[in-house]
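Report on the following structure.
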Amino acid sequence: MINFKIHYDIDASALAVQSSSAECIVEDLKKNDMAGWIDLPENYDKDEFERIKAAAKKIRAESDYLVCIGIGGSFLGHKAVIDALESQVAGDTKILYAGNSISNISLQKILDKIDGKNFSINVISKSGTTTEPAIAFRVLKAKLIDVYGEEEAYKRIYATTDAESGALHDEALYNHYERFVVPNGIGGRFSVLTAVGLLPLAVAGVDIDELMAGARILSAAISDSNEDAAISGDIKTGIYKYASVRHILRSRNYDVEVLSCFEPCMEFFGKWWQQLFGESEGKENKGIFPATAIYSTDLHSLGQYMQQGRYNIFETILTFKNNPLPKYTDVEIKVPEMAENLDQLGYLEGVSMAEINKKAELATITAHSKHIPVFEIEMTDLSAKSMGELIYFFELACAISATFDQVNPFDQPGVEAYKNEMFKLLGKPEA
């Protein structure tokens, strides 16, 4: 279970008042047309869930690669989980990502990798007309047809799109691609626990039942369907406190949050978190700027700024109660003994790297909290179940935080600005 810790002197009464407001916000959020993700872990489409598993089994049987085409919430979430759990998943089919940029070089690298290999495509887009994935899909679809012929190629395309309309929906119907649904009440950055994320995750070998079970622990707590009232209360308290301290700090001109972790496999999770909070809060000249760091690597680059730069920053550190990677519980790298102590590491001989990393984590919390507010989100371990919990924790906290700032958590009008300018330069006809 996730445990939220505060390493900062914050007024308890103010926090209690703000947390109480957070609970009221959740009740209002449940009524929002774009908050279908709140009860998703308990009310997801069970039939589609089984179809996802069947499709994943087929893809793994016939493909060396699954190329996932999508941008933003259509790829960040599942890549974050796959990267985090990479050492624990089983399966020979590798996931490649296309359509998340307009880089000719990046797409050519994908084409080079799949050359001479068996591959399938999962194109993920609610509309089917977003420029980056649409271009990549056209190129890769042509490659698929060139390799397999049109009839067989279409059997290797899996479209995750709108249930009723849109360019990709219509194309999928016309060409008989297998289709999965981007639910109407769930926006892209909140969609990782839908087919958007579940199909790539299942292909990669992630236990999607466990992922949903983790998220369900938190959603049940919010809906008060958790039979253990104590656990339910602790979960809600953690989410509400995190959202509340963010709002309190923002009112004190702390306008940058750094999400950090001492496990490099969590780097892309930071990018998912960055989109979640950046798009949800960053509007109407409001919001906290989300930044990420991986320690101890970034302690040798950003560490100086964290200690002595502008004190408008606060930090949230992801930690683990138990060994973060169960696969490596019995694998311990220890500092070897040497006859001579030329590198001056004699005092560490026989000490495991896991222990040194943990001490570095504790030292960082102590050092940073002397200058800036530091919070800790402690996970049990790094598993599919824990990742499901963490995803839901941040989704709900984010929606509460944005509502505290009186902005709509579910739109992103500013994203259209670069598109409109690009379309002018490219001479796109008016719709």
Side-chain angles (χ1 to χ4, degrees), residues 37 40-70 73-100 114 117-126 133 140 155-161 163 168 172 177-183 186 188-217 219 265 268-269 272 326-327 382-392 395:
W37 49 272
L40 177 71
E42 297 179 87
N43 299 320
Y44 62 93
D45 187 330
K46 308 300 190 296
D47 291 335
E48 182 178 62
F49 196 80
E50 293 306 313
R51 284 202 306 114
I52 287 169
K53 290 182 180 178
K57 184 177 180 180
K58 177 176 180 289
I59 293 167
R60 289 198 303 269
E62 64 185 19
S63 296
D64 301 302
Y65 292 105
L66 174 66
V67 185
C68 291
I69 302 173
S74 294
F75 97 102
L76 285 169
H78 53 86
K79 178 164 172 51
V81 177
I82 289 169
D83 282 8
L85 304 180
E86 182 180 15
S87 64
Q88 303 174 59
V89 299
D92 295 327
T93 303
K94 303 301 180 186
I95 310 298
L96 300 176
Y97 301 93
N100 49 68
I114 62 178
K117 303 290 186 179
N118 287 314
F119 71 101
S120 298
I121 292 173
N122 178 205
V123 54
I124 307 166
S125 175
K126 191 167 180 64
L140 287 159
K155 294 177 183 177
R156 289 174 170 267
I157 297 175
Y158 301 82
T160 306
T161 189
L168 182 55
Y177 308 152
E178 183 162 3
R179 288 183 296 126
F180 298 99
V181 173
V182 179
I186 302 178
R189 57 187 176 273
F190 293 88
S191 68
V192 63
L193 297 176
T194 72
V196 169
L198 294 177
L199 179 58
L201 288 167
V203 173
V206 173
D207 189 334
I208 59 175
D209 287 291
E210 281 293 290
L211 187 77
M212 293 297 282
R216 192 155 53 247
I217 292 171
S219 67
C265 64
F268 225 90
F269 184 86
W272 171 80
K327 176 180 177 180
L382 193 49
S383 62
K385 188 174 183 179
S386 292
M387 289 301 293
E389 290 184 56
L390 191 63
I391 287 166
Y392 195 93
E395 285 181 344

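Numbers for residues simply follow the sequence, beginning at 1. Atoms considered below: every heavy atom in the structure, side chains included; atoms not considered: hydrogens, waters and symmetry mates. Note that the coordinates shown come from a computational prediction; the quantities given were computed from them, not determined experimentally.
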Checklist entry - Got a second to check how far Glu62's CD is from Lys155's NZ, nearest 0.5 Å? => result 9.5 Å
Checklist entry - For the residue pair Gly214 and Glu389, what are the closest heavy atoms and their distance? => result O-CG, 3.1 Å
Checklist outcome for this item: One should read off an interatomic distance between Leu140 CG and Ile69 CD1, to the nearest 0.5 angstrom, of 4.5 Å
Checklist entry - Heavy atoms, side chains only, cut-off 4.5 Å: are Asp45 and Val181 in contact? => result no
Checklist entry - Between Asp64 and Asn118, is there a donor-acceptor pair closer than 3.5 Å when you use the side chain of the first and the backbone of the second? => result yes
Next on the checklist: Between Ile124 and His78, does the side-chain contact (heavy atoms from CB on, under 4.5 Å) criterion hold? Intermediate values first, please.
Outcome noted: CA-CA 12 Å; Ile124 307 166; His78 53 86; 3.8 Å; yes
Next on the checklist: Under a 3.5 Å distance rule, please check whether Arg216 uses its side chain to pair with a backbone N or O of Gly388 as donor and acceptor.
Outcome noted: no
Next on the checklist: As an exercise, state the distance from SG of Cys265 to CG of Leu85, rounded to the nearest 0.5 Å.
Outcome noted: 8.0 Å
Next on the checklist: Within the 4.5 Å heavy-atom criterion, are Phe180 and Glu48 side-chain neighbours or not?
Outcome noted: yes
Item to check | Closest approach of Pro183 to Lys126 (non-hydrogen atoms, all atoms of both residues) | outcome: O-NZ, 3.9 Å
Checklist entry - Taking the side chain from Thr161 and the backbone from Ser125, do they hold a donor-acceptor pair closer than 3.5 Å? => result yes
Item to check | Minimum heavy-atom distance between Thr194 and Ile186, given as atom pair plus value | outcome: CG2-CD1, 3.8 Å
Checklist entry - Got a second to check how far Tyr158's OH is from Ile121's CD1, nearest 0.5 Å? => result 11.0 Å
Checklist entry - Is there side-chain contact between Leu198 and Leu211, with heavy atoms separated by less than 4.5 Å? => result yes
Item to check | Atom pair CD1/CD1 of Ile95 and Ile59 - distance to nearest 0.5 Å | outcome: 8.0 Å
Next on the checklist: Using every non-hydrogen atom in the two residues, find where Phe268 and Leu76 come nearest and quote the distance to one decimal.
Outcome noted: CE2-CD2, 3.3 Å
Checklist entry - Do the side chain of Asn122 and the main chain of Cys68 share a donor and acceptor less than 3.5 angstrom apart? => result no
Checklist entry - Nearest heavy-atom pair of Ala215 and Leu193: which atoms, and what distance? => result CB-CD1, 3.5 Å
Item to check | 4.5 Å side-chain heavy-atom contact, Leu382 and Met387 | outcome: yes
Checklist entry - Once you round to the nearest 0.5 Å, how far does CZ of Phe49 lie from CD1 of Ile208? => result 3.5 Å
Item to check | Atom of Val196, atom of Gly73 and distance for their closest heavy-atom approach | outcome: CG1-O, 3.6 Å
Checklist entry - Donor-acceptor pair, Thr93 side chain versus Val203 backbone, under 3.5 Å? => result no
Checklist entry - Does some side-chain heavy atom of Leu40 sit less than 4.5 Å from a side-chain heavy atom of Tyr392? => result no
Next on the checklist: Test: salt bridge (Lys or Arg N to Asp or Glu O under 4.0 Å). Region: residues 83-92. Which pairs qualify, not counting sequence neighbours?
Outcome noted: Lys79-Asp83
Item to check | Backbone N/O of Ser386 and side chain of Ser383: donor-acceptor pair under 3.5 Å | outcome: yes
Item to check | Test side-chain contact (heavy atoms from CB on, under 4.5 Å) applied to Arg51 and Glu178, step by step | outcome: CA-CA 10 Å; Arg51 284 202 306 114; Glu178 183 162 3; 3.2 Å; yes
Checklist outcome for this item: Applying ring pair (Phe, Tyr, Trp, His ring centres under 6.0 Å) to Phe190 and not counting sequence neighbours gives Trp37, Phe410
Next on the checklist: Can you classify the ring geometry of Phe75 versus Tyr97 as parallel (below 30°), tilted (30 to 60°) or perpendicular (above 60°)?
Outcome noted: tilted
